[in-house]
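The next block holds one structure in the form of structure tokens; read it before the comments.
In each ligand, atom 1 is the first atom listed, and ligand 1 is the first ligand listed. Here the structure is a predicted model, which means the values were calculated and not measured.
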Amino acid sequence: MTDAVPLMLAPGFFQDPEAVYAVLREEGPVRKVVFPNGWEAWVVTRYDEARAALADPRLLKDLRVLDQLGRPDSVPVQLGDESLFAEALHHHMLNLDPPDHTRLRRLVNKVFTSRRVEALRPRIEEITEELLDAIAVRGANGGPVDLIDSFAFPLPMTVICELLGVPFEDREDFRAWSAVAVVDDPGEEEARTSSYAMVAYFSQLIAAKRANAGEDLLSALVQARDDKDQLDDNELIGMAFLLLLAGYETTVNLIGNGVFALLRNPDQFDRLRAEPSLVDGAVEEFLRYDGPLNVATSRFTSEPVRVGDVEIPRGEFVLVSLASANHDERRFPEAGRLDVTRRGGGHLGFGHGIHYCVGAPLARLEGEVAFRRILDRFPKLSLAVEPGEVRWREGSTFRGVEHLPVRLF
Ligand code: HEM
């Protein structure tokens, strides 16, 4: 039995998680870790084992099954403590196993195929252009502009709001509520208040769609609920929550982390600018090199599962570190180097197996348009602060910078 090692205890962890992962990877493919608040889980750090774990049918998501097995005392809140977060927010497909997962996923699979998503390209280009026009005015005097607040956040937020039929005016409310839901250790009161606010918000929105259906995805899901009985009320709220949250919290980091990576690697910036046909592949490299997620993928063992020479007992949590797997030298030579010409793919940035990101075609398209247009319009883009002054958000779910101050000209 391996002793648990501390993870995320060091204050600097989120500023450079790879420093810790590199050590863990060398020790073995999986390690029992303890979080600052005492919670314990197994973290899978090597590529092959991570990929296998993501597709392993013995690793489950639905915590109601875990409760039947006997839930361990130490369960991280963000892994789903319903006493803190409204139950409805949990009934989404990322927290469920087949057959419920299969049923819910089928409802949205068609919406996000590459072909359907490609139809959104003109609108995504239009939103991108409008946002870049606005920052070009603000940055015209050479002063710094925060690329997160002014571009990386509003682009995916606008796109997912339009797709779902969520009023864009409500974005700041939602951003504030979800900020509570994604930190590691939210205050109990705060977590409860914001999650109930979200449930109330979605309930009202669903009632509005019911009274007055639009062409949007949420209206279609309300119809699937009312006419075809394909999901229940909690699942409907959970689906709306998941799609909205996953639709922007991740893509904002694809753009933010990718631009930050390019600005720290000017040769790669120049290469990409000179050869825009490399952008599609570069987006994959940004997902690998510094993707939007940290150890966000939680599962638990429904029976003992062997990873490498370790047997993880039944009923324990397993987190797959996509960030670590994507830096495994066994799979990616010179993994620590950003290389926009890198080919071969296979990164785990969108996960793997049945929960593979349903929004991947949309995220890729948004990323492609965003990088193409930024490089074209702002060839002299530069950081307005020292790289070390850019702070990474503290949280084990998402990996992204709080602000990215840049000069455009
Ligand atoms: C699932 C990453 C964008 C919706 C996932 C998973 C990953 C991921 C790793 C699987 C998690 C696991 O196995 O535990 C990303 C990244 C994105 C992105 C890196 C951006 C670059 C999006 C967008 C949407 C979306 C734009 C929505 C439109 C979802 C949904 C799931 C999911 C609904 C759950 C799928 C399921 O359980 O079957 N995403 N995602 N994602 N993602 Fe994304």
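Contact atoms of ligand 1 toward Leu322: 9 (C) (distance under 4.0 Å to a heavy atom of the residue). Ligand-side atoms of ligand 1 in range of Phe112: 28 (C), range being under 4.0 angstrom from any heavy atom. Taking a cut-off of under 4.0 Å to the non-hydrogen atoms of Ala363, the atoms of ligand 1 that pass are 3 (C), 20 (C), 21 (C). Ligand-side atoms of ligand 1 in range of Thr297: 11 (C), 12 (C), 14 (O), range being under 4.0 angstrom from any heavy atom. For ligand 1, the atoms sitting less than 4.0 Å from at least one non-hydrogen atom of Gly351 are 9 (C), numbered in the order shown with element in parentheses. When each atom of ligand 1 is checked for a heavy atom of Ile354 under 4.0 Å away, the hits are 38 (O).
Between Glu366 and ligand 1, no N or O atom pair is found at a separation short of 3.5 Å. Between His355 and ligand 1, at least one pair of N/O atoms sits closer than 3.5 Å. Between Arg105 and ligand 1, an N or O atom pair is found at a separation short of 3.5 Å. Some N or O of Lys61 is nearer than 3.5 Å to an N or O of ligand 1, by distance alone. For ligand 1, the polar-atom distance check finds an N/O of Arg299 within less than 3.5 Å of one of the ligand's N/O atoms.
Using a 4.5 Å cut-off on side-chain heavy atoms (C-beta onward), Phe13 and Asn294 make contact. In this structure, Asn265 and Tyr289 have side chains that are in contact, with non-hydrogen atoms separated by less than 4.5 Å. At least one side-chain heavy atom of Leu362 sits less than 4.5 Å from a side-chain heavy atom of Leu163. Considering only heavy atoms from C-beta on, Leu338 comes within 4.5 Å of Glu285 through its side chain.
Nearest-residue assignment for atom 39 (N) of ligand 1 (options Pro361, Ala360, Cys357, Gly291; heavy-atom criterion): Cys357. When Gly247, Gly349, Gly258 are checked for heavy-atom proximity to atom 27 (C) of ligand 1, Gly247 turns out nearest. Residue Thr250 holds the heavy atom nearest to atom 18 (C) of ligand 1 of all those in Thr251, Thr250, Leu54, Leu293.
Side-chain contact check for Tyr201 and Asp170: at least one donor-acceptor pair (N or O, by modelled atom type) lies under 3.5 Å. Using a 3.5 Å distance cut-off with no hydrogens or angles, the side chains of Arg31 and Thr45 do not pair a donor with an acceptor.
Within the 4.0 Å heavy-atom criterion, the part of Leu242 lying near ligand 1 is the side chain and not the backbone. At a heavy-atom distance under 4.0 Å, only side-chain atoms of Ile160, from C-beta outward, approach ligand 1. Contacts of Asn253 with ligand 1, taken as heavy-atom pairs under 4.0 Å, are absent altogether. Under 4.0 Å from ligand 1, the heavy atoms of Leu287 that appear belong solely to its side chain. Contacts of His101 with ligand 1, taken as heavy-atom pairs under 4.0 Å, involve the side chain alone.
What sits closest to atom 23 (C) of ligand 1 on the protein, heavy atoms only, is Ala246 O, 3.4 Å. Residue, atom and distance of the protein heavy atom nearest to atom 30 (C) of ligand 1 are Val358 CG1, 3.6 Å.
The aromatic rings of Phe286 and Phe371 sit tilted, their planes meeting at an angle between 30° and 60°.
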Test salt bridge (Lys or Arg N to Asp or Glu O under 4.0 Å) applied to Glu129 and Arg377, step by step: CA-CA 10 Å; Glu129 229 49 66; Arg377 292 192 58 164; 3.0 Å; yes

Derivation and outcome, salt bridge (Lys or Arg N to Asp or Glu O under 4.0 Å), residues Arg330 and Asp48: CA-CA 9 Å; Arg330 292 162 196 80; Asp48 285 346; over 6 Å; no

Evaluation steps, salt bridge (Lys or Arg N to Asp or Glu O under 4.0 Å), between Arg373 and Asp376: CA-CA 5 Å; Arg373 298 307 301 139; Asp376 186 51; 2.7 Å; yes

Worked check of salt bridge (Lys or Arg N to Asp or Glu O under 4.0 Å) between Arg25 and Glu49: CA-CA 11 Å; Arg25 269 198 313 273; Glu49 289 78 2; over 6 Å; no

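For the atom pair CG of Leu164 and NZ of Lys209, the computed distance is 8.5 Å after rounding to the nearest 0.5 Å. From His403, atom NE2 reaches atom CZ of Phe153 across 12.5 Å, with rounding to the nearest 0.5 Å.
Not close to ligand 1: Leu104, with no non-hydrogen atom less than 4.0 angstrom away.
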